[in-house]
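Have a look at the structure below, then the notes.
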Amino acid sequence: MQQLSEQEIQRRLKREQLLLMGINPYPAELFEVNAYAKDIKENYERFKTDYKNISMAGRLMSMRIMGNASFAELQDSTGRIQIYIRRDDICPSEDKTLYNTVFKKLLDIGDYIGIRGYVFTTQTGEITVHVTELKLLSKSLKPLPIVKRDEAGNVYDAVTDPEFRYRQRYVDLVINPQVREVFRKRSQMITLMRQFLNDKGYLEVETPILQPIYGGATARPFTTYHNALETTFYLRIANELYLKRLIVGGYDGVYEFAKDFRNEGMSRFHNPEFTMMELYVAYKDYYWMMDLVEEMIETIALQLHGTTELPVGNHLISFKRPWKRLTMYEAIEHFTGINIAEMEEAELRRVARQLYVHVDASMGKGKLIDEIFSNCCEPYLIQPTFIMDYPVEMSPLAKRHRSKPGLVERFEVICNGKEICNAFSELNDPIDQRQRFEEQLQLSQRGDQEAMMLDEDFLRALEYGMPPTAGLGIGIDRLAMIMTNQASIQDVLFFPQMRPEKKPE
RNA sequence: GAUUCCGUAGCUCAGGUGGUAGAGCAAUACACUUUUAAUGUAUGGGUCCCGGGUUCGAGUCCCGGCGGGAUCACCA
């Protein structure tokens, strides 16, 4: 137990005192609520809505006590509203304890209270609830950091310490309304995407997170152990192979919002667990999927913000269709002036060095091209752009290009300098797929810890036959970053992964 | 993993060259019947992240550790 601060001791004493007075600081019975701060502020003057006998609940966020009348602010789930408390209104009889002792002495900022009353406008023009009844709903024992705003909108004493905000997100959410808004937008974005996909007739499904063989991406997994089965399991790095099994099973379109886990470094773009939406649609190819992605993201931006132009960092990003489409080779030529289409490994390595791209001996042709692209092109692609046709070595689950040897039918969307989705015409030739897995095994034997495992059951499924299929994965967190204009993935995750707090001795 | 910056009251932050630890807000007490970053007066509040070292003396200098941010590497 850590030592209590003076203020924490004070609040514990107040709690005791309330108990002695016969007031339960944590009453059990429900408190009926029939009005919310936001509605009142929006409707009271505009529609002359008469708010009588209203009942509200929330946290006390400030108190301005002046003798026998006081102003305070109540914060409910929709925002803050001023409340006016007059001694003789909440204490009509001779006994003034509720005002003099309970309200003035024993309540603190952060306490949950319930009030009843009516709305009026103060002399200074602020919409205010005149309180006729007051009830403590829950006592707060830890002081909230108080963020104040003046009329000009200046913020004082804002809590900005990221560690504090991420570790104690509940406090962040209480005191920083803009943070609540970011997460509301994220939730709404996911709802809109789900709606869009459901409207197209695709089926939302759930597939295993605990997998005996991990696959669908090149990444290092988390490992866990099932006692009864005496088996090692992996937390999924992707759900791709399971969704394709469902296409084999005969569904036309399936999608899943999947929590994926990758045992890799963390940064403002990477959290060990993150959300990916994967979609697979039968009888389609990657060109079709490009159209769908454009339509979906444009629709979401429009419904979320009422516009397709969004400020992101220092840029204004437009999601209005159509987006630019470049092949990977075209993109590289555009940004470096070098056409690498016909180059072999040795020459590529020379070009990479010339472009100051970090290379090492283990890198093959595909990896070298990818490195050049990541370094010389990706950071400069701010507007959403399709990059098409990747080297086959980088894409063991994608179908070979119908006309370009050595490439696969794959695209990524780069936006704000980062990949936000990845898609291909799915490889459905079981013999080719087996060969690609075997190449991965060789990489693995050479020490590549991210190489894919060979999944016999998945191959068995493909052998029964999978229709031509287009597949898509969208990084939901990264899309949320763009849609909410946040610079860090930690700002679109309620509880970003952090080193465990050191326990107080 | 590498580089770099940071860690002082509940919160935001000051504390040249080493010399008894500071402000505003928050808290406590009193005053005040329409305030709004309310105000006025008074009071309390600190393991200066932790552990070593140098020194008569360390928040400050040195070494080590812990935690966090940023950039890079890997990745989505």
Side-chain angles (χ1 to χ4, degrees), chain A residues 2-11 13-14 61-73 80 82-89 99 104-105 108-110 120-126 128 130 141-167 171 175 216-220 237-238 260-276 278 358 360 370-371 374-375 378 412-414 418-422 448-450 473-479 481 487-490 498-502 504-505:
Chain A
Q2 214 157 14
Q3 215 168 8
L4 294 175
S5 71
E6 184 196 14
Q7 291 186 47
E8 289 171 307
I9 293 166
Q10 191 65 241
R11 288 183 180 215
L13 290 173
K14 290 178 179 179
M61 293 304 284
S62 73
M63 292 202 266
R64 297 184 287 277
I65 296 171
M66 296 155 293
N68 295 330
S70 302
F71 287 91
E73 278 179 298
R80 286 193 194 183
Q82 175 165 276
I83 61 176
Y84 174 59
I85 300 171
R86 197 158 58 178
R87 187 190 64 187
D88 296 340
D89 287 332
Y99 183 80
K104 278 171 72 173
K105 309 277 185 197
D108 287 296
I109 288 172
F120 75 110
T121 309
T122 62
Q123 283 177 2
T124 49
E126 176 143 355
T128 301
H130 191 127
L141 296 183
K142 273 179 110 59
L144 282 174
I146 297 305
V147 180
K148 292 198 166 183
R149 287 171 180 77
D150 64 18
E151 279 176 43
N154 298 314
V155 176
Y156 301 85
D157 293 343
V159 177
T160 53
D161 176 13
E163 181 174 3
F164 182 94
R165 291 187 43 231
Y166 300 151
R167 286 201 194 278
V171 177
I175 63 181
T218 50
R220 295 168 67 182
I237 57 173
D260 291 340
F261 306 82
R262 298 189 185 174
N263 207 339
E264 292 163 347
M266 291 159 61
S267 75
R268 70 192 183 93
F269 292 102
H270 300 89
N271 195 63
E273 58 182 292
F274 63 102
T275 305
M276 177 109 94
E278 292 202 38
H358 175 79
D360 67 55
D370 188 57
E371 282 296 307
S374 305
N375 282 279
E378 206 174 69
E412 292 189 351
V413 173
I414 313 294
K418 275 281 164 188
E419 173 192 344
I420 57 169
C421 60
N422 182 17
D448 185 344
Q449 289 180 294
E450 292 181 351
I474 294 190
I476 293 298
D477 311 288
R478 286 190 181 171
L479 188 61
M481 285 167 68
S488 164
I489 197 168
Q490 294 162 311
M498 297 185 84
R499 208 176 289 274
E501 250 180 305
K502 226 174 103 183
E505 302 293 321

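Reckoned from all heavy atoms, side chains included, excluding hydrogens, waters and symmetry mates. All values reported here derive from a predicted model rather than from experimental measurement.
- Contact annotation: A:R64 does not reach the phosphate of B:rU35 (side-chain N/O to OP1 or OP2, under 4.0 Å).
- A donor and an acceptor atom never sit less than 3.5 Å apart when one is taken from the side chain of A:E163 and the other from the base of B:rG67.
- In this view, A:Q7 and A:S5, A:P143 satisfy the side-chain contact (heavy atoms from CB on, under 4.5 Å) rule, not counting sequence neighbours.
- Evaluation of the salt bridge (charged side-chain N to carboxylate O under 4.0 Å, His left out) rule for A:E264 yields no partner, not counting sequence neighbours.
- Spacing between atom CG of A:L13 and atom P of B:rU28 amounts to 11 Å, rounded to whole angstrom units.
- Although no hydrogens or angles enter the test, the distance criterion places a donor-acceptor pair under 3.5 Å between the side chain of A:R268 and the main chain of A:A487.
- The partner of B:rG1 is B:rC72, by the rule that a Watson-Crick or G-U pair needs both atom distances under 3.5 Å.
- A donor N or O paired with an acceptor N or O is found under 3.5 Å between the base of B:rA26 and the side-chain atoms of A:Q7.
- Both the sub-6.0 Å distance and the 45° axial angle are satisfied by A:K418 relative to the ring of A:F269.
- Within the nucleic acid shown, A:Q123 comes within 4.0 Å of at least one base atom, counting heavy atoms only.
- Heavy-atom nearest nucleotides on RNA chain B were determined for A:S267 and for A:S488, and the one closer to the 5' end corresponds to A:S488.
- Looking at heavy-atom distances under 4.0 Å, A:F120 makes contact with a base.
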Nucleotide N/O to protein N/O under 3.5 Å, stretch nucleotides 29-31 of chain B:
| unit_1 | atom_1 | unit_2 | atom_2 | d |
| --- | --- | --- | --- | --- |
| B:rC30 | OP2 | A:K105 | NZ | 2.4 |

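- Taking 4.0 angstrom as the limit, A:R167 places a side-chain polar atom (N or O) nearer than this to OP1 or OP2 of B:rG68.
- Under the Watson-Crick or G-U wobble criterion, with both distances below 3.5 Å, B:rU39 is paired with B:rA31.
- One finds no side-chain N or O of A:R11 lying less than 4.0 angstrom from the OP1 or OP2 phosphate oxygen of B:rG10.
- A:K14 has no side-chain polar atom (N or O) that falls below the 4.0 Å cut-off from OP1 or OP2 of B:rA27.
- For the pair A:E378 and A:Y84, both in contact range of RNA chain B, the more 5′-proximal nearest nucleotide belongs to A:Y84.
- Remark: B:rA23 base-pairs with B:rU12. Criterion, Watson-Crick or G-U wobble with two distances under 3.5 Å.
- With hydrogens and angles left out, the side chain of A:Q82 and the base of B:rU35 share a donor-acceptor pair within 3.5 Å.
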